[in-house]
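Below are the structure tokens for one structure; questions will follow.
A quick note: this is a predicted structure, and the numbers were derived from the prediction, not measured.
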Amino acid sequence: MFHQSHRPPSSPPLHHPIPQHPIPPMRSPPPVQHAVNTNPYIPRTGASGYGEGGAEQGRYGNLFNDATAQVGLQVGRNAMLAGQEYVEQNFGKYFSMSMPTLKSYFNVSNSYVLRKLFLVLFPWRHKPWARQMKRSEVSGTVEGFKDPRDDINAPDMYIPVMAFTTYILLSSILAGIHGVYHPEILGYIASMAFAIVIFEILGLKLGCYLLSISNDSQLMDLVAYSGYKFIGVILTMIAGTFIPGLLIKYIVFLYTFAANAFFLLRSLRYVVLPESTVNAATSMTTTQRQRQRRIQFLFAYSFMCQFVLMWLLVKS
Amino acid sequence: MSYSNQNFGGGGSNNLQFYASNYDMPASTSSAEPYSRGGGIGGAIPTFGGSGGVPGASVGGVDGMSAAASGERLSGGWLAAFGTGGYSDEPPLLEELGINFGHIKSKTLTVLNPLARVDQNIMDDSDLAGPILFCLLLGTSLLFSGKAHFGYIYGVALLGSISLHLIMNLMATTGSIDFIRTASVLGYCLLPLVCASAFGVLISMDNLIGYFISTLAIFWCTYSSSAMFVAVLQLSDMRPLVAYPLMLFYSVFAVMSIFADKA
């Protein structure tokens, strides 16, 4: 806390604690007007009291003009920076997503969301599945993929996140309709679904490592694609509630599973296998055997989604 | 005192940004950084830019020091101890806490009237006193209908506002919003659900009429909060996309107030 430095502590005022021991003499305070905003060591917001802002800040600023205090501050700042670097180095490789890349996954529009939902449920007749490239206006070189707003084939994170949350909410509503509701059930279902998602992401990461698919943005794309199966789960749960009978529920489940598998097969082909449009000099050329293995991985993944789908449904 | 006369009405001149917005004021404060807009829990913590005029205005101060630091003695006795007098230049308690009942009332009326046009600066004085009050009211009306879910309400509100804040910032390309403001908007727009849960005290909500009232309340909450978010983040073409997560958030509260738990 801040303290008065050169007044005898006879009766401490109510606001600020006053140290009762002698304090080394400080320099006299500079004039009030100059010291208000120029001292970089004082935090800018409301650190001192209400009625004393400018004057006291000049008085406190002398505390940090002392040479030893400055050295101490430097040491502290270096320590914090070193700690930050350590964290970034060791944990950054697990989550190396920067804000702009993450933001590009959420750059969606109304029409994109509607068409994508339709596409996930009826992927049979959609023709071009390749993602389009974004070219910079300056040099005309390829700069990466287009955002979901401009390209229907681009994966986004908005729909998976919303579908995941809707699934949790719908499960708790169905529990309420069946008469077994408790607020704890919300946390329980959320933890279960989250655990399944994490498990799947870990499995994908393992698969990427084994197949030497090294691109990190591809991992994020895979995570996004894995979230689309919640749409089918939600539809199945709704169908099972409003239409009595187990048969219709299984029919809807099988249909959405097939549509989801087809959608994943077609879309992930361009993620997992290297494309020929990317400049071939820099990308790794894969042998035939590696391509075969990747295709097997793709098939196994798309059909393994069934097991995960069933787990999500059966337990609710 | 001089403080309350100047600032309580919403603006006045430059010091003590109690209602730190451009609502009435000229552009002198519009270029300030986020902190100087009274951000923070109280909303009444002045910035150094704002308090530059204060030392001159402090009554009985010497060299810009406060009345407390210059040795003014408080009056003694029991009456003074339990009274509201203090140092001569202390701001009033409500202002120090950042609770401005006039603003709370005007923001509540804005939420309750979904047909009025939302002014962009209504939420500049982002306080959390109104939202916490509404959460408490919701918990109380649920308590009257037999469900003691105070902890769940606070937990869902905190978790939901954090994730909604993240989603809103990720979706916005040009604008951005800080956490206190999102929490404030979400809390104020909770009011229709509080009214709906007040119905639940009298009648059981676990039937068709209850579902209908709750759905109406959810839509009302979502409509007003999405209007405010779209205005702040400049996402007017993505309003349904902004409204959907808000609808999910409010549905959790509605579900909590409809279904009685089986112990």
Open item on the list: What part of A:Ile177 gets within 4.5 angstrom of chain B, counting heavy atoms only: side chain, backbone, both, or neither?
Closed with: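 Contact with chain B: backbone and side chain both.
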Open item on the list: Quick check on B:Ala172 against chain A: is it the side chain, the backbone, both or neither that has a heavy atom closer than 4.5 Å?
Closed with: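 B:Ala172 touches chain A through backbone heavy atoms alone.
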Task: Nearest heavy atoms of B:Leu248 and A:Met162, plus distance in Å - done: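 B:Leu248 and A:Met162 have their closest heavy atoms at CD1-O, 4.2 Å.
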Open item on the list: Is there a side chain to side chain contact (heavy atoms under 4.5 Å, CB included) between A:Leu186 and B:Val156? Walk through the geometry before answering.
Closed with: CA-CA 10 Å; A:Leu186 195 67; B:Val156 169; 4.2 Å; yes
Open item on the list: Tell me whether the count of non-hydrogen atoms from other residues, nucleotides or ligands lying under 6.0 Å of CG in B:Leu208 goes above 12.
Closed with: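 Open.
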Task: Over 12 non-hydrogen atoms of neighbours within 6.0 angstrom of CZ in A:Phe194 - done: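 Check fails, neighbour count at 12 or below.
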Open item on the list: Would you say OH of B:Tyr211 has more than 12 non-hydrogen atoms from neighbouring residues, nucleotides or ligands within 6.0 angstrom?
Closed with: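 More than 12 within 6.0 Å, yes.
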Task: Student check: side-chain heavy atoms of B:Ile258 and A:Ile173 closer than 4.5 Å - done: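 B:Ile258 does not reach A:Ile173 side chain to side chain.
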Open item on the list: As an exercise, state the distance from CE of A:Met157 to CD1 of B:Ile167, rounded to the nearest 0.5 Å.
Closed with: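 Here the interatomic distance stands at 9.0 Å.
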- [ ] Take atom CZ of B:Phe219 as the centre, draw a 6.0 Å sphere, and report whether it contains more than 12 heavy atoms from other residues, nucleotides or ligands.
- [x]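 For B:Phe219, atom CZ is not crowded (no more than 12 foreign heavy atoms under 6.0 Å).
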Open item on the list: Looking at A:Tyr158 and B:Leu241, would you say the former's side chain and the latter's main chain have a donor-acceptor pair under 3.5 Å?
Closed with: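 Between the backbone of B:Leu241 and the side chain of A:Tyr158 there is a qualifying donor-acceptor contact (under 3.5 Å).
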Open item on the list: For B:Leu159, which atoms come within 4.5 Å of any heavy atom of chain A: side chain, backbone, both, or neither?
Closed with: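 Neither part.
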Task: Inter-chain contacts: residues 106-119 of chain A against chain B, heavy atoms under 4.5 Å - done: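 Answer by number: A:Phe106, A:Asn107, A:Val108, A:Ser109, A:Asn110, A:Val113.
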- [ ] Take the angle between the ring planes of A:Tyr181 and B:Phe259 and call it parallel below 30°, perpendicular above 60°, tilted in between.
- [x]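 Ring orientation of A:Tyr181 relative to B:Phe259: tilted.
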Task: Residue of the set A:Thr165, A:Thr166, A:Leu169 for which side-chain contact (heavy atoms from CB on, under 4.5 Å) holds with B:Ser251 - done: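 Only one option passes, and that is A:Leu169.
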